[in-house]
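Since the structure comes first, as structure tokens, the remarks are kept for the end.
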Amino acid sequence: MKPLYDFSIRTFSKLAGISKGSNAKLEKLVDGRKDLFERLTAFKSGFSKPIAWFHVASLGEYEQAKPVIAELKHRKSEYGVVVSFFSPSGYEIANRKPQENVDFITYLPFDTATNAKNFLGILDPKIGFFVKYDLWANHILEAKERHIPLFLFSASMREDQIYFKGYGTFFKKILTSFDHIFTQNTQTKILIEGLDFHQVSVAGDTRYDRVKSIAEAPKSFPEIQSLVKGRKTMVVGSAWEEDMKVLIPFINAHPEYFFIVAPHDINLETLAEWKSKIDRPSLKYSEISGQKNADVLFIDNIGMLSSLYQFAHIAYVGGAFGKGLHNILEAIAYRIPVIFGELKKEGKFPEAGISQGYGCGFSVSNTKQIEKTILYLSDQSHYLQACQAAEKLVSDNVGSAKKIMDTIITKINHA
């Protein structure tokens, strides 16, 4: 299986290089990795601390890593932290400004055996962390060969994944190469233990730690506050076209609400199209200066959403009708009810079912169901119950980073 895996990685990297001119994302994927080893060497030449290496797929996994990074730096301040990304979108956003507790940000090179040897040879990490699922075989095997302690946290897996198939022996080896795996839930722990691997424990989802810290100190937006003017506000986070199809009729029918809409992708043509279909006065955030009247505010920049929920009476989080539900926990951390689209694959987003079980998450499939949910929540007792459920959901699940680091520190001290 490994020769086939290596062949597929080499083929992908070559095809990406050939096709990059016709695809902007592929272009970033390839061009972003140019001079990767030179940049890594330059960083290491002037850095003497032992390295803790964190690998994440993209921005969402980086958010999950942040509480563990902070806990590590708090307890082991002698470590430097390097974060590697696979995705250009995550790398570019994180690399725009200095990141708290992080000393260097890099792409992970394409996962060939040679690249893995070069990457780990230059970086020389003393400990390595992978987040959730982005497991690259050659880098993991090379780290194992170098006796680098490896940990996977916030793992959430399903029995239909290749690790648990009879023909997935090679991938089972990758998963069981970790010194310890911290899972989000008991189901994942049971699945992994079924591979005869027992260095596994349930630590929960580190996103709860992260969203709680953000909600306790959100960014200030006085210009939005003055536009809201105390009105009931619905914040629509990570909106896709499929979400707006069901939301726009609702927006037009509910003048009692102020709406803040943060699109998943900022595309000015798409924003203009959405604005044209809304019968109420609207404006973009970039136009907010001096504006005093609007019923709908479109957010046309990145990095605000997690703090925008401070204005919300109710939140709607997008993505479920399309590629996948975005982070509902960011909104729930503000102790408000959250509406989202009906999921195609519920197992991929366990927090959706958990939120519904607690009573703060509400799934809808059309505009009529949004209306029905809003009517239900317009009853003050129902609304307060949902808010209390949101608070309980977060309070029941914080503390993952501490659990993870307690185990890791014990292993480091006894190594």
Side-chain angles (χ1 to χ4, degrees), residues 52-75 81 83-87 90 94 99 101-102 108 127-136 139-140 143 149-159 161 163-164 174-193 195 197 199-214 306 324-330 332-333 345-355 393-409 411:
W53 165 45
F54 286 77
H55 175 67
V56 299
S58 193
L59 209 57
E61 293 72 34
Y62 179 45
E63 289 297 312
Q64 287 179 295
K66 284 180 178 179
V68 179
I69 292 172
E71 191 72 16
L72 173 69
K73 292 290 277 190
H74 174 68
R75 300 206 206 181
V81 172
V83 178
S84 62
F85 283 84
F86 180 80
S87 161
Q99 297 292 309
N101 296 317
V102 176
L108 189 77
I127 188 170
F129 300 86
F130 282 68
V131 183
K132 195 174 180 179
Y133 64 84
D134 203 47
L135 310 184
W136 294 102
H139 281 82
I140 290 170
L150 282 181
F151 300 94
L152 171 63
F153 63 86
S154 289
S156 179
M157 295 181 171
R158 309 178 308 278
E159 61 182 345
Q161 289 178 294
Y163 308 105
F164 311 108
I174 303 311
L175 190 58
T176 57
S177 291
F178 288 95
D179 291 82
H180 199 95
I181 297 174
F182 302 93
T183 71
Q184 291 188 28
N185 50 58
T186 303
Q187 294 92 323
T188 300
K189 180 177 183 285
I190 291 170
L191 279 172
I192 295 171
E193 287 178 333
L195 302 178
F197 180 82
Q199 296 301 312
V200 55
S201 57
V202 179
D205 187 344
T206 55
R207 285 184 299 172
Y208 289 97
D209 293 21
R210 179 61 181 161
V211 298
K212 183 174 184 290
S213 68
I214 293 172
S306 60
L325 180 64
H326 291 277
N327 191 351
I328 64 172
L329 300 181
E330 285 184 335
I332 288 172
K345 292 185 178 180
E346 293 185 6
K348 291 184 70 174
F349 305 96
E351 66 274 17
I354 293 169
S355 71
L393 172 56
V394 175
S395 64
D396 284 353
N397 288 279
V398 294
S400 293
K402 183 180 183 301
K403 291 178 186 176
I404 290 166
M405 202 49 60
D406 282 346
T407 299
I408 290 173
I409 293 296
K411 287 181 177 288

Inset, instruction - List the steps and the verdict of side chain to side chain contact (heavy atoms under 4.5 Å, CB included) for Val394 and Ile332. - result: CA-CA 8 Å; Val394 175; Ile332 288 172; 3.9 Å; yes
Inset, instruction - State whether a side-chain donor-acceptor pair under 3.5 Å links Thr188 with Thr183. - result: no
Inset, instruction - Scan Phe129, Phe130, Phe85 and name whichever one has a ring-ring contact (aromatic ring centres under 6.0 Å, His included) with His55. - result: Phe130
Inset, instruction - Would you kindly say whether Thr206 and Asp209 are connected by a side-chain donor-acceptor distance under 3.5 Å? - result: no
Inset, instruction - Check the surroundings of atom NZ in Lys73: do more than 12 heavy atoms from other residues, nucleotides or ligands lie under 6.0 Å from it? - result: yes
Inset, instruction - Locate the shortest heavy-atom distance separating Ala155 from Ile181; write the atom from each residue and the value. - result: CB-CG2, 4.0 Å
Legend entry - Backbone of Ser154 reached by a side-chain donor or acceptor of Gln184 within 3.5 Å: yes
Legend entry - Polar side chain donor-acceptor pair, Gln199 to Asp179, under 3.5 angstrom: no
Legend entry - Polar side-chain atom of Glu63 near backbone of Gly60 as donor-acceptor pair, under 3.5 Å: no
Legend entry - Spatial distance of atom CZ (Arg158) from atom CZ (Phe164) [nearest 0.5 Å]: 10.0 Å
Inset, instruction - Classify the angle between the aromatic ring planes of Trp53 and His139 as parallel (below 30°), tilted (30 to 60°) or perpendicular (above 60°). - result: tilted
Inset, instruction - Measure across Leu72 and Ala52 and return the closest heavy-atom pair with its distance rounded to 0.1 Å. - result: CD2-CB, 3.5 Å
Inset, instruction - Check Phe178 against Leu175 and note the closest heavy-atom contact, atom names and distance. - result: CD1-O, 3.2 Å
Inset, instruction - Check step by step if side chain to side chain contact (heavy atoms under 4.5 Å, CB included) holds for Asn185 and Ser156. - result: CA-CA 7 Å; Asn185 50 58; Ser156 179; 3.7 Å; yes
Legend entry - Pairwise distance OG(Ser306) to CD1(Ile214) - rounded to 0.5 angstrom: 4.0 Å
Legend entry - Charged N-O contact under 4.0 Å between Asp406 and Arg75: yes
Inset, instruction - Heavy atoms only: give me the nearest Gly90-Ser58 pair and the separation to one decimal. - result: N-OG, 3.5 Å
Inset, instruction - Would you give the length of the straight line joining atom CG of Leu152 to atom CE of Met157, rounded to the nearest 0.5 angstrom? - result: 5.5 Å
Legend entry - Full working for side chain to side chain contact (heavy atoms under 4.5 Å, CB included) between Phe54 and Phe153: CA-CA 11 Å; Phe54 286 77; Phe153 63 86; 4.0 Å; yes
Inset, instruction - For the pair Ser400 (side chain) and Ala203 (backbone), establish whether a donor and an acceptor sit closer than 3.5 Å, ignoring hydrogens and angles. - result: yes
Legend entry - Worked check of side chain to side chain contact (heavy atoms under 4.5 Å, CB included) between Val81 and Asn101: CA-CA 7 Å; Val81 172; Asn101 296 317; 5.6 Å; no
Legend entry - Contact check, side chains of Met405 and Ile408, non-hydrogen atoms, under 4.5 Å: yes
Legend entry - Pairwise distance CZ(Arg207) to CG(Asn327) - rounded to 0.5 angstrom: 5.0 Å
Legend entry - Between CD on residue Glu351 and CG on residue Leu393, distance to nearest 0.5 Å: 9.5 Å
Inset, instruction - Using modelled atom types only, decide if a donor and an acceptor are shared between the side chain of Glu193 and the backbone of Val200 within a distance under 3.5 Å. - result: no
Inset, instruction - Measure the spacing between CG of Asn397 and CG of Leu329 and express it to the nearest 0.5 Å. - result: 8.5 Å
Inset, instruction - Using a cut-off of 6.0 Å, state whether more than 12 heavy atoms not belonging to Glu159 lie near its atom CD. - result: no
Inset, instruction - Could you pull out the closest heavy-atom pair between Val83 and Ile69, with the gap in Å? - result: CG2-CD1, 4.0 Å
Inset, instruction - Say whether Gln99 and Tyr62, considering side chains only, have a donor N or O and an acceptor N or O under 3.5 Å apart. - result: yes
